[in-house]
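Shown next, in structure tokens, is the structure this report addresses.
Please read these numbers as outputs of a predicted model, since none were measured by experiment. Heads up: numbering here begins at 1 and tracks the sequence.
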Amino acid sequence: NDIYSASKFAVEGFCESLVVQALRFNVAISLVEPGPVMTEFETKLYEEAERADYSRTDPETAEIFTKLYLRNSRDVFTSLGQTPEDIAEHTLRVIEAARPPFRHQTNVAYTPMAALKHADPSGALITDAFYKLVFKYDAVLRFGLR
């Protein structure tokens, strides 16, 4: 997910740098920002990850990946994930808008995380919150998602 997320962040940065110039030519740029989207790709990825052989991976990394990351990630996608059709509907609304927004979040569950990111420019607040949810209070995270 880290590499995938980085590619999306690159697109976001590109759009942020281009939006003002585009306005000069009366071109609107909009970022449709979904959270997790449940697709066949995601389902197959979890199935393959659960069957994979981690015997050559150092034990601590293998345990973090299989016991924390996979479980938490699946819970997040299952409880907060949207369908591709839902994302398409949001995208259509943005396209048809008389004045399309620059940012359009499709999942209101992610609004608090976006707010945390902008509330603390140092990044410490959101980093600490995520670290604790994943590594210290993962049971709370999974309970909250259910």
Inset, instruction - Test L31 against E12 for side-chain contact (heavy atoms from CB on, under 4.5 Å), laying out the working first. - result: CA-CA 7 Å; L31 291 167; E12 182 176 2; 3.7 Å; yes
Spatial distance of atom [atom1] ([X]) from atom [atom2] ([Y]) [nearest 0.5 Å]:
X: M113; Y: Q105; atom1: CE; atom2: CD; result: 9.0 Å
X: L116; Y: T111; atom1: CG; atom2: OG1; result: 11.5 Å
X: I29; Y: C15; atom1: CD1; atom2: SG; result: 5.5 Å
X: L45; Y: E48; atom1: CG; atom2: CD; result: 7.0 Å
X: D120; Y: T127; atom1: CG; atom2: OG1; result: 8.5 Å
X: Y4; Y: F9; atom1: OH; atom2: CZ; result: 15.0 Å

Inset, instruction - Using a cut-off of 6.0 Å, state whether more than 12 heavy atoms not belonging to F14 lie near its atom CZ. - result: no
Inset, instruction - Verify the distance criterion only: is there a donor paired with an acceptor across the side chains of T61 and D58 at less than 3.5 Å? - result: yes
Legend entry - Close side-chain approach of P100 to I95, heavy-atom, < 4.5 Å: no
Inset, instruction - Answer yes or no: is there a side-chain heavy-atom contact under 4.5 Å between S73 and F65? - result: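 Heavy-atom side-chain distance check fails, nothing below 4.5 Å.
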Inset, instruction - Applying side-chain contact (heavy atoms from CB on, under 4.5 Å), run through L23 and V27 and close with a yes or a no. - result: CA-CA 5 Å; L23 284 176; V27 173; over 6 Å; no
Legend entry - Closest heavy-atom pair and its distance - G35, Y110: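 Of all heavy-atom pairs spanning G35 and Y110, the closest is CA-CE1, 4.1 Å.
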Inset, instruction - Return the minimal non-hydrogen interatomic distance between T83 and V37, and the atom names on each side. - result: C-CG1, 4.0 Å
Legend entry - Criterion side-chain contact (heavy atoms from CB on, under 4.5 Å) on T43 and M38, from CA distance to verdict: CA-CA 7 Å; T43 303; M38 284 303 294; 4.1 Å; yes
Legend entry - Test log, rule side-chain contact (heavy atoms from CB on, under 4.5 Å), inputs D86 and T106: CA-CA 8 Å; D86 189 33; T106 67; 5.6 Å; no
Inset, instruction - Please work out which of the three classes, parallel, tilted or perpendicular, describes the rings of F135 and Y131, given edges at 30° and 60°. - result: tilted
Inset, instruction - Could you check whether the rings of Y46 and F77 sit parallel, tilted or perpendicular, using 30° and 60° as the cut-offs? - result: perpendicular
Legend entry - N/O donor-acceptor pair under 3.5 Å between N107 side chain and L80 backbone: yes
Legend entry - Donor-acceptor pair, side chain of Y54 and main chain of A49, under 3.5 angstrom: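 Present.
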Inset, instruction - Go through the steps for R74 and E50 under the test salt bridge (Lys or Arg N to Asp or Glu O under 4.0 Å), then give the verdict. - result: CA-CA 11 Å; R74 179 172 274 180; E50 288 174 358; 2.9 Å; yes
Legend entry - N-O pairing of D75 and R71 below 4.0 Å: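 Result for this pair is no, no salt bridge flagged.
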Inset, instruction - Please check if I87 and L92 belong to a single hydrophobic cluster, counting links between Ile, Leu, Val, Met, Phe, Trp and Tyr side chain heavy atoms closer than 4.5 Å. - result: no
Legend entry - Cluster link F102 to V94, ILVMFWY, side chain under 4.5 Å: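 No, separate clusters.
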Legend entry - Residue pairs involving residues 24-34 (criterion side chain to side chain donor-acceptor pair (under 3.5 Å); sequence neighbours excluded):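 Non-adjacent pairs meeting side chain to side chain donor-acceptor pair (under 3.5 Å): E33-R103.
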